[in-house]
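To find a chain, count down the sequence lines: A is the first, B the second, and so on, and within it residues start at 1.
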Amino acid sequence: MAHSAEEIRSHVRFYIGVFVGLIILTILTVWIDQFHIGAEDSDVGNTIVGLAIATLKAGLVAAFFMHLTSEKPMIFRFLFATVAFVIAMFILMLLAHFDPIVPVFVQ
Amino acid sequence: MEIPYTVTARADTGLWNAKIGIWLFLASEVMLFGGLFSGYVFLRLGAASTPDYDWPTELLNVPMGFVNTLILIGSSVTVILSWSALKLREYNKFKIWMSITLLCAVAFLGIKTVEYTEKFTGYGIFLNDGAEIKGKYATEQEGFVTIVPKYPEKAEAAGFTPAPATLAVHEGSYVIPVENVVRWSNFQPSYNTFYSIYFTLTGLHALHVIGGVVVLGYFLFFGGPMWRTNPEHLANRVEVGGLFWHFVDLVWIFLFPILYLM
Amino acid sequence: MASSTTPAPSTDSHQEHAHDEHHEHELGFWQKYIFSTDHKVIGIQYGLTALGFLLVGFGLMILMRWQLAYPGEAIPFIGNLLKNVLGDQMIGANNEMTPDLYNSFGAMHGTIMVFLGVVPLAFGAFGNYVVPLQIGAPDMAFPKLNMASYWSYLVGGVILLMSFFVPGGAAKSGWTSYSPLASFADTALQNPGIEYHMIFNGQTMWLLGMVFLISSSLLGSVNFITTIIQLRAPGLTWMRLPFFCWAQLVTAFLLLLAFPPLEVAAIMQLMDRLAGTSFFLPTGLIVNGAQVAISGGGSPLLYQHLFWFLGHPEVYVLILPAVGIVAEVITNNTRKPLWGYKSMVFATIILGFLSFVVWAHHMYLTGMGTKVSAFFQTTTVIISIPSVILITSLIISLWGGSIRFNTQMLFATAFLPMFGIGGLTGLPLAFSAIDLYLHDTYYVIAHFHYVVAPGTIFGLFAGIYYWYPKMSGRKMSERLGKMHFWPSLVFMNGIFLPMFIHGMAGFHRRWYDGGASYELAQNLLWLNKVMTISAFCLAIAQIPFIINLFISWKLGRKATDNPWDATTMEWATPTPPPHGNFLKPVTVYRGPYEYSVPGETRDFSPQWEPDSK
Amino acid sequence: MLNKLFGLAENASDHGLMIDHMLEVVHWFMLALFVGWTAFFILTLVKFRRSKNPKANYTGTKSKFSTHAEVGVVIVEAILLLGLALPLWTQRVNAFPTADQNPVNIRVVGQQFLFSIHYPGADNTFGRTSPEFVTDQNRVGLDPSDEAAQDDIVALNSFHVPTGRPTVMQLSSKDVIHNFAVYTMRVAQDMIPGSEIPMWFTPVRTGEWEVICGQLCGNGHYSMKAVMTVEGPAEFDAWLANQRPLVESL
Ligand code: HEA
Ligand code: HEA
Ligand code: CUA
Ligand SMILES: [Cu+2]
């Protein structure tokens with residue numbers, strides 16, 4: 001991590017830029033929430049948009065503030081596994097939720 | 001022999017120990033909040049499949065959540081600035097930025113406290129016929145439940161009557177006989193599934209914030225000796241603490257829309 | 001910081017040197033043995049504590065086995081004592097065990113064995129003691145975290161032990177603590193006759209204890225992974241890493257990533273119990289004839305998903321370190337390299353990955369449709385392949401060896417067929433259609449005990465006999481060792497083999513009366529006595545071990561630095577190793593199991609010795 | 001044959017044979033593997049003991065046998081999975097009896113530590129149930145004012161089903177998780193509060209069979225059981241006709 005002083009100063013300017021971006025995105029989420037997106041009686045549309053913006057913001061924080069853009073492969077290896085497991089947990093739990101044995105009474 | 005790579009990076013991995021340590025810790029935190037998040041979705045889908053279950057997002061205070069989001073994002077920037085200052089060996093700047101970070105954290109917790117108080121003084125009443133009346137300052141006295149409803153029209157439609165003078169502790173109170181009430185309480189975790197998950201998620205997050213305050217505060221107030229002997233080590237520690245802090249921010253970035261908006 | 005003793009060159013140029021921590025000053029007793037940050041001391045602390053808990057877990061089971069064989073009969077010898085200690089809500093008028101006590105012992109047997117016995121011994125003790133030595137490190141990467149991890153474990157363990165003595169007794173909803181049962185257990189709602197404390201009641205204390213244990217495991221796993229990645233001695237490339245370290249590395253990842261969801265489950269259940277939430281409680285519950293005053297809207301299945309998301313990786317946490325130990329012992333005592341080292345490493349990694357996506361095979365009967373069950377059946381069947389590869393490689397490693405049957409080798413060889421039986425009987429359980437019949441019967445109990453008791457426990461015994469000389473400077477007695485091994489082997493099978501027959505006949509687990517009131521059980525009840533007597537004999541068979549363990553510390557035959565002529569680096573240190581482990585920096589020159597290399601004079605070529613030519 | 005050896009309980013249901021068959025096949029496969037491995041294992045231990053073979057061989061075996069064996073295991077497991085397990089489960093949970101098979105419909109509600117069996121009565125329609133109606137007499141919470149509830153029958157811990165007709169059950173619970181397991185019918189399914197899980201079987205033999213609660217549910221778990229009497233269709237109809245509707249006793 002032998003950053004030169006000049007590098008660090010230019011980084012700082014960049015962080016400020018990211019900060020501004022994050023603020024704009026936050027305002028965007030709140031603003032967009034007034035509108036109903038998608039089908040009339042479901043909030044799936046809003047949910048997707050809200051989560052998309054949140055993911056984008058989280059991505060910015062992780063990539064720049066947490067220096068993931070210049071991180072070593074070792075870290076990526078296990079972060080990759082972690083993310084895979086979270087997604088697996090999430091999807092499989094939902095799959096189980098949506099695939100019960102269908103109750104059928106033959107009347 | 002001493003433990004190597006506490007400050008300098010190992011050549012083949014390019015990393016020093018604490019850097020790996022913190023990322024591993026964050027990985028487990030991702031699983032923790034991932035589990036909570038999966039739980040949230042699971043419960044919400046369950047709620048959505050029952051006909052009259054409500055998910056009262058709208059009761060949360062969006063402006064406060066919004067301001068808190070900005071505060072946390074801001075503190076994320078200041079913590080990274082304080083790290084940069086250390087890297088540039090500017091100890092005073094480090095102190096300034098770190099102090100601002102901590103102030104942000106305290107402000108965040110302050111706003112959170114206000115929000116929690118708001119919840120604990122708000123009340124909801126579940127009636128026999130399935131209606132739910134929300135408001136403030138509910139009490140139970142002389143066989144009646146009194147409340148200052150948020151929407152008086154709704155309360156009247158549900159059978160509430162304006163409180164007689166003896167029962168009207170607060171202005172605009174309405175009453176309903178206890179027999180008509182299934183249960184009533186303030187907006188505490190047990191109020192319904194939404195508040196359960198709201199308090200659990202934000203409570204855990206607040207614990208993380210407090211943890212971050214302790215760690216970063218330690219660097220700020222007790223970092224002096226290390227700064228004099230081994231500033232690079234201090235910078236590394238601040239980087240590690242900062243990574244944790246960014247993660248706390250990152251979690252909030254998800255919590256805000258999930259809980260307040262959606 | 002002191003780059004003179006740091007093996008690899010420091011890359012940082014503007015690096016100030018701190019000169020204050022250089023000299024080893026004498027540490028007081030407390031710092032040296034109690035609040036130590038030395039991985040070896042912590043390892044031994046872990047080991048002794050865990051052995052103690054194993055003994056407790058076994059003791060509980062001895063009492064339960066008495067009840068199973070002689071249902072409702074007075075507990076012999078200590079019945080009165082137990083009554084005085086546990087109260088007459090737990091021990092009946094006739095000094096017999098009550099159903100509540102049976103359930104609570106069952107739950108605590110499972111919890112103690114898994115979380116307080118085997119994992120701390122396999123991971124905490126062996127991992128701590130051996131891994132830094134094997135990779136040529138002076139200590140763990142974060143010694144203070146290491147200490148915190150041990151103390152957190154101890155606090156969790158003490159909380160769980162204390163819970164036996166609170167009103168109403170310890171947790172009694174199975175080691176799985178399924179909600180809603182566990183949400184109501186140990187509350188006045190479920191059992192109005194007992195005055196429960198809000199916090200100090202069995203299930204709440206179980207949850208609090210688990211929170212400490214989980215924290216301990218998380219700290220430990222962060223530490224292990226960092227240590228293995230960062231502190232490997234120069235020359236110790238990944239493919240030269242002893243298999244034991246690989247096993248520990250994968251185990252650490254499993255702990256790191258699988259435990260948090262359990263923590264979520266524990267937190268949510270705590271909220272349900274303490275804050276009145278309904279995370280796991282659906283609407284309309286009626287307990288003891290009255291509607292429960294909760295908001296409802298929760299999901300009991302959510303708990304099971306979160307629990308088993310940990311639960312399945314956890315079983316590999318139980319087995320992998322043992323496989324690692326067995327691999328070390330087998331290569332050492334066959335005097336030949338591990339057959340298929342690489343494929344074993346990859347099999348272990350794949351096993352680790354897959355273990356996260358099979359969890360719902362514990363939930364086949366919760367109303368799963370075809371798609372989910374097909375998915376989980378498939379992954380479960382697939383995950384057996386890496387296990388087969390591991391076992392096969394180990395067995396084939398024996399071929400062509402010159403096998404030395406000392407005690408550790410006996411335990412290691414016995415591990416193989418025992419794990420084989422346990423693993424193979426996992427297969428029928430993997431198919432939902434026949435799990436329909438076998439689920440929650442003694443067949444399941446037999447399946448997993450074959451893996452954990454004559455499997456893992458034997459592996460751990462092998463490890464104790466193998467590394468004891470390094471820890472103490474003395475060898476354990478071979479004669480007592482054999483007196484320990486043979487009866488243990490016989491009686492382990494005496495306990496668990498009949499369980500398959502019970503399971504096939506439909507005996508269900510967690511039956512307080514062992515089936516005495518069931519028609520299906522009548523013809524086979526006698527087997528309960530066989531198992532119980534075997535369990536008693538198994539207990540007696542542990543006496544030589546306990547004697548051996550303590551006596552040999554002072555009286556055993558003195559061991560040299562490398563008493564087993566081994567090749568891995570823990571044997572490069574003095575015996576027992578001093579603080580800081582290695583006298584001078586070590587460098588690794590070859591793979592971990594270079595035994596009987598053609599053309600060498602000795603039949604072992606240690607990793608740390610440069611080529612002679 | 002292996003099943004017999006292991007003391008598998010007798011089977012009294014239509015589909016049970018398939019389950020037994022699969023159990024048998026899997027166990028043969030396991031036995032073959034175990035015997036093969038053990039033979040090799042013991043041979044190795046004897047052949048390469050130190051006194052017989054003082055010098056170890058660095059390379060060990062070069063044979064590809066293990067790879068073949070592993071591939072063999074994979075193939076057999078794939079056959080078991082695709083050929084037996086998946087179709088069997090599909091048949092269990094997707095192929096519910098249709099109306100022309102004239103199934104007997106029952107709801108079973110678990111509670112600590114009893115099974116309540118709810119028959120729809122002559123109209124073959126279940127009356128409305130809801131928790132607020134639950135009392136010690138009305139364990140399933142039948143709404144007495146509901147039209148369809150008037151002829152509903154509720155049996156406690158002992159009930160009848162006919163041979164030859166499929167029995168379709170819907171399982172639920174009022175308090176904690178139970179499990180409705182009839183091992184002679186080769187069926188078992190969790191009873192989870194808040195959800196209704198269906199299950200079915202067709203008895204082929206008459207007799208009195210034990211129903212077991214297969215999931216830890218509290219201190220009475222070990223004694224939570226019911227008796228299921230399987231009898232001919234005519235006797236069953238007679239028995240059912242003899243039962244008094246629940247509402248009459250409320
Ligand atoms: C260390 C612990 C451990 C291990 C390794 C395993 C391994 C496996 N387990 Fe087990 N299991 C448990 C511990 C373990 N299990 C526990 C504790 C429970 C019960 C929890 C509870 O409900 O309380 C359980 C329950 C359980 C269930 C749920 C049953 C039920 O509740 O109905 C299932 C279902 O699929 C299952 C499957 C498997 C499979 C397919 C494997 C596979 O990984 C096995 C693969 C191994 C092999 C296939 C062996 C290969 C060997 C050979 C082929 C060679 C033979 C060698 C010689 C003869 C020398 N297990
Ligand atoms: C790692 C896990 C593990 C281990 C090792 C064991 C070991 C044993 N188990 Fe256990 N068991 C479980 C995990 C384990 N069990 C679980 C999870 C359950 C399910 C619980 C539930 O239903 O929720 C269970 C349930 C269970 C049951 C079913 C109860 C029921 O359903 O009603 C039975 C019945 O016989 C049983 C028996 C035994 C026996 C006889 C041993 C023996 O093999 C014990 C052998 C022990 C030793 C050999 C100890 C050696 C240690 C020493 C000698 C110490 C020396 C000490 C010092 C030097 C200080 N166990
Ligand atoms: Cu009901 Cu066990
Ligand atoms: Cu499993």
Side-chain angles (χ1 to χ4, degrees), chain C residues 99-100 103 174 178 180-181 282 284-287 289 291 300 334-336 339 365-367 369-370 373-374 377-378 381 385 388-389 392 395-396 398-404 417 420 424 427-428 431-434 436-437 439-440 501 504-506 508 510-513 518-520 596-598, chain D residues 6-9 19 22-23 26 30 33-34 37-38 41 44-45 48-50 53-58 60-61 66 70 73-74 77 81 85-86 88-90 92-94 131 134 136 174-177 179 183 186 188-190 192-195 197 210 212 214-219 221-223:
Chain C
D100 271 330
N103 285 349
Y178 276 7
L181 180 63
L285 287 183
I286 295 163
V287 175
Q291 283 202 52
T334 52
R335 318 299 300 160
K336 62 185 282 297
W339 193 87
L365 299 195
T366 55
T370 39
S373 85
Q377 291 182 65
T378 312
V381 167
I385 309 297
V388 172
I389 293 178
T392 310
I395 294 183
I396 293 184
L398 298 169
W399 184 269
S402 166
I403 304 173
R404 196 162 74 175
L424 286 174
L427 287 181
F431 300 119
S432 56
I434 44 185
L436 193 71
Y437 183 78
H439 178 68
D440 263 345
I501 297 178
M504 286 293 233
H508 274 59
R510 295 160 172 175
W511 267 353
Y512 161 71
D513 64 357
Y518 286 83
E519 227 168 278
L520 72 110
S596 304
V597 181
Chain D
F6 275 123
L8 184 73
I19 290 186
M22 175 156 185
L23 211 52
V26 175
M30 285 152 55
L33 276 181
F34 185 73
W37 256 273
T38 312
F41 177 67
T44 318
L45 291 186
F48 294 103
R49 63 186 193 274
R50 173 148 280 195
N53 189 34
K55 183 106 188 61
N57 173 355
Y58 179 75
T61 171
S66 74
E70 279 151 17
V73 171
V74 175
E77 284 185 349
L81 183 71
L86 297 187
L88 208 51
W89 191 251
T90 312
R92 288 277 71 220
V93 305
N94 274 2
V134 172
D136 269 357
K174 289 191 292 192
D175 38 35
V176 304
I177 302 178
N179 181 299
Y183 55 98
R186 303 293 186 265
Q189 197 67 259
D190 278 356
I192 302 177
S195 51
I197 303 175
E210 263 173 329
I212 296 172
Q215 183 69 258
L216 182 65
C217 52
N219 55 17
H221 163 62
Y222 75 100
S223 59

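Taking chain C as the reference chain and counting heavy-atom pairs below 4.5 Å, the highest number among D:Leu45, D:Ile212, D:Leu86 is found for D:Ile212. Contact count versus chain C (heavy atoms, under 4.5 Å) is highest, among D:His221, D:Glu210, D:Lys174, D:Glu70, for D:Glu210.
When heavy atoms are compared at a cutoff of 4.5 Å, D:Ser223 approaches chain C solely by way of its backbone atoms N, CA, C and O. Contacts of D:Ile177 with chain C are made by both backbone and side-chain atoms, with heavy-atom separations under 4.5 Å. Only the side chain of D:Asn94 has a heavy atom closer than 4.5 Å to any heavy atom of chain C. Interface residue C:Thr334: only backbone heavy atoms are found under 4.5 Å from chain D. At a 4.5 Å heavy-atom cutoff, the contact between C:Trp339 and chain D is made by side-chain atoms alone. For D:Val176, the parts lying under 4.5 angstrom from a heavy atom of chain C are both the backbone and the side chain. When heavy atoms are compared at a cutoff of 4.5 Å, D:Val93 approaches chain C solely by way of its side chain, counted from C-beta outward. The contact between D:Gln189 and chain C is made by backbone and side chain atoms together, counting heavy-atom distances below 4.5 Å. Only the side chain of C:Tyr437 comes within less than 4.5 Å of a heavy atom in chain D; its backbone stays farther off. Heavy atoms closer than 4.5 Å to chain C are found in both the backbone and the side chain of D:Thr90. Residue contact with chain D, scored on non-hydrogen atoms closer than 4.5 Å, involves the side chain of C:Asn103 exclusively. The contact between C:Pro300 and chain D is made entirely by side chain atoms (from C-beta outward), counting heavy-atom distances below 4.5 Å.
With sequence neighbours excluded, no residue satisfies salt bridge (Lys or Arg N to Asp or Glu O under 4.0 Å) with D:Arg92.
Using a 4.5 Å heavy-atom threshold, the side chains of C:Phe431 and D:Leu88 count as separate.
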